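Small disclaimer: the values here were computed from a predicted structure and weren't measured.
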Amino acid sequence: MRKIILMMSVSLDGFFEGPGRDISWHLVDDELHRHFNEQCRAMGAFMDGRVTHELMADFWPTADQDPDNPAPMVEFAGIWRDMPKFVFSRTLTEVGWNATVLDDVVPEHIAELKAQPGGDIGLGGANLAASFMRYGLIDEYRIYVHPVVLGQGRPLFEAPDVRMNLRLQGTQTFGNGVVLLRYSSEVA
């Protein structure tokens, strides 16, 4: 069965974005981007909320046409375009780029998607992740901790009614100081 894997970057103090949706502090150099490409290429699909999907759709479809973009970015543009995507939205009815709109997180529907053949499913977007956490639908957490303290912003884990016990599966340190923490879910 496929796994749902949350992949998110956070500051050392736990924020996934700073004030005004600022993510300029993300330290994505070529090494880290190649790692992301490797991880994403192995996925069978991406699941994103509307906001995350729209941000991705505004940039990645043509990112490989800009001669100034480094090779890992050019490579990711193709990965993103070709990957099947599920976009959770109550306002969108149609999205392009190999994507299907789902209007709500229904655990039975997610179980059906997980039972389909193919690679694991990458989950993105903090609001969507909170819904998946409430239903216990995330199998693995890949949290990329960036060596910056923001002091304020939106925390990744803002679902106070959810308690999760996680099991450390591994860590990886990148040359720019980012540390990957990989956890699997356990039942509380």
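- Between Arg81 and Lys85 the shortest heavy-atom distance is O-NZ, 3.5 Å.
- At least one side-chain heavy atom of Trp25 sits less than 4.5 Å from a side-chain heavy atom of His146.
- Looking at Leu12 and Val179, their side chains never come closer than 4.5 Å, going by heavy atoms from C-beta outward.
- Between the side chains of Ser184 and Gln169, at least one donor N or O lies within less than 3.5 Å of an accepting N or O.
- Through direct or indirect side-chain contacts shorter than 4.5 Å among Ile, Leu, Val, Met, Phe, Trp and Tyr, Phe46 is connected to Ile5, Met7, Leu27, Val28, Leu32, Phe36, Met43, Met56, Phe59, Trp60, Met73, Phe76, Ile79, Trp80, Met83, Trp97, Tyr144, Phe174, Val178, Leu180.
- Here Asp120 does not pair with Lys114 in a salt bridge; the nearest charged N to carboxylate O distance is not below 4.0 Å.
- Taking hydrophobic clusters as Ile, Leu, Val, Met, Phe, Trp and Tyr residues chained together by side-chain heavy-atom distances below 4.5 Å, Val51 does not share a cluster with Met133.
- A donor-acceptor contact closer than 3.5 angstrom is absent between the side chains of His33 and Asp29.
- For Asp66 (side chain) and Asp68 (main-chain N/O), a donor-acceptor pair under 3.5 Å exists by modelled atom type.
- Clustering ILVMFWY residues whenever any of their side-chain heavy atoms sit less than 4.5 angstrom apart, transitively, puts Val145 in the very cluster that holds Leu168.
- In this structure, the side-chain contact (heavy atoms from CB on, under 4.5 Å) partners of Arg34, at least two apart in sequence or on a different chain, are Asp30, Glu31, Pro72.
- The backbone N or O of Ile138 lies less than 3.5 Å from a partner atom in the side chain of Ser185, making a donor-acceptor pair.
- Put simply, the side chain of Arg142 never gets that close to the backbone of Leu6: no donor and acceptor are under 3.5 Å apart.
- Between Met8 and Gly125, the shortest heavy-atom contact is SD-N, 3.8 Å.
- Using a 4.5 Å cut-off between side-chain heavy atoms of Ile, Leu, Val, Met, Phe, Trp and Tyr, with links allowed through other members, Leu166 and Tyr135 fall into the same hydrophobic cluster.
- Minimum interatomic distance between Val74 and Ala63 (heavy atoms only, all atoms of both residues): CG2-O, 4.4 Å.
- Using a 4.5 Å heavy-atom cutoff, the side chains of Tyr183 and Arg167 are not in contact.
- Inter-residue side-chain proximity for Arg50 and Thr91 is flagged as met; some heavy-atom pair is nearer than 4.5 Å.
- By the side-chain contact (heavy atoms from CB on, under 4.5 Å) test, Ser131 is found to be paired with Val105, residues two or more places apart in sequence or in another chain being considered.
- Salt-bridge annotation for Asp104 and Arg90: present, with a side-chain N of the basic residue lying under 4.0 Å from a carboxylate O of the acidic one.
- Smallest separation of non-hydrogen atoms from Asp139 and Ile4: OD2-N, 2.7 Å.
- Taking CG of Asn165 as the reference point, atom CZ of Arg163 lies at 4.5 Å (rounded to 0.5 Å).
- Across all non-hydrogen atoms, the minimal contact from Ile110 to Met47 is CD1-CE, 4.0 Å.
- For the pair Asp64 (side chain) and Ala77 (backbone), a donor-acceptor distance under 3.5 Å is absent.
- In this structure Arg2 satisfies the side-chain hydrogen bond (donor to acceptor under 3.5 Å, both in side chains) test with no other residue, sequence neighbours excluded.
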### Message
Could you walk me through whether Ile143 and Val10 satisfy the side chain to side chain contact (heavy atoms under 4.5 Å, CB included) test, starting with their C-alpha distance in whole Å, then the side-chain angles of each, then the deciding distance to 0.1 Å, before giving a yes or no?
### Response
CA-CA 7 Å; Ile143 308 301; Val10 298; 3.6 Å; yes
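- To the nearest 0.5 angstrom, Asp22 atom CG is 14.0 Å from Arg154 atom CZ.
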### Test side chain to side chain contact (heavy atoms under 4.5 Å, CB included) applied to Phe86 and Leu113, step by step
CA-CA 10 Å; Phe86 297 97; Leu113 290 172; 3.6 Å; yes
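- When atom types are taken as modelled, the side chain of Thr62 and the backbone of Gln65 share no donor-acceptor pair closer than 3.5 angstrom.
- Partners of Pro84 according to the side-chain contact (heavy atoms from CB on, under 4.5 Å) rule, which considers only residues two or more places apart in sequence or in another chain, are Ala45, Asn98.
- Counting all heavy atoms, side chain and backbone alike, Leu128 lies closest to Gly124 at CD2-O, 3.9 Å.
- Side-chain contact between His35 and Gln39 is present, with at least one heavy-atom pair separated by less than 4.5 Å.
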### Task
Please test Tyr141 against Phe157 for side chain to side chain contact (heavy atoms under 4.5 Å, CB included), starting from the C-alpha separation and ending with a verdict.
CA-CA 12 Å; Tyr141 294 80; Phe157 300 106; 4.0 Å; yes
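- With sequence neighbours excluded, the residues forming a side-chain contact (heavy atoms from CB on, under 4.5 Å) with Asp13 are Ser11, Phe15, Val149, Leu150, listed by chain and number.
- A chain of hydrophobic side-chain contacts below 4.5 Å, direct or via other Ile, Leu, Val, Met, Phe, Trp or Tyr residues, connects Phe132 to Phe16.
- Put simply, CG on Leu123 and NZ on Lys3 are 13.5 Å apart, with the number rounded to the nearest 0.5 Å.
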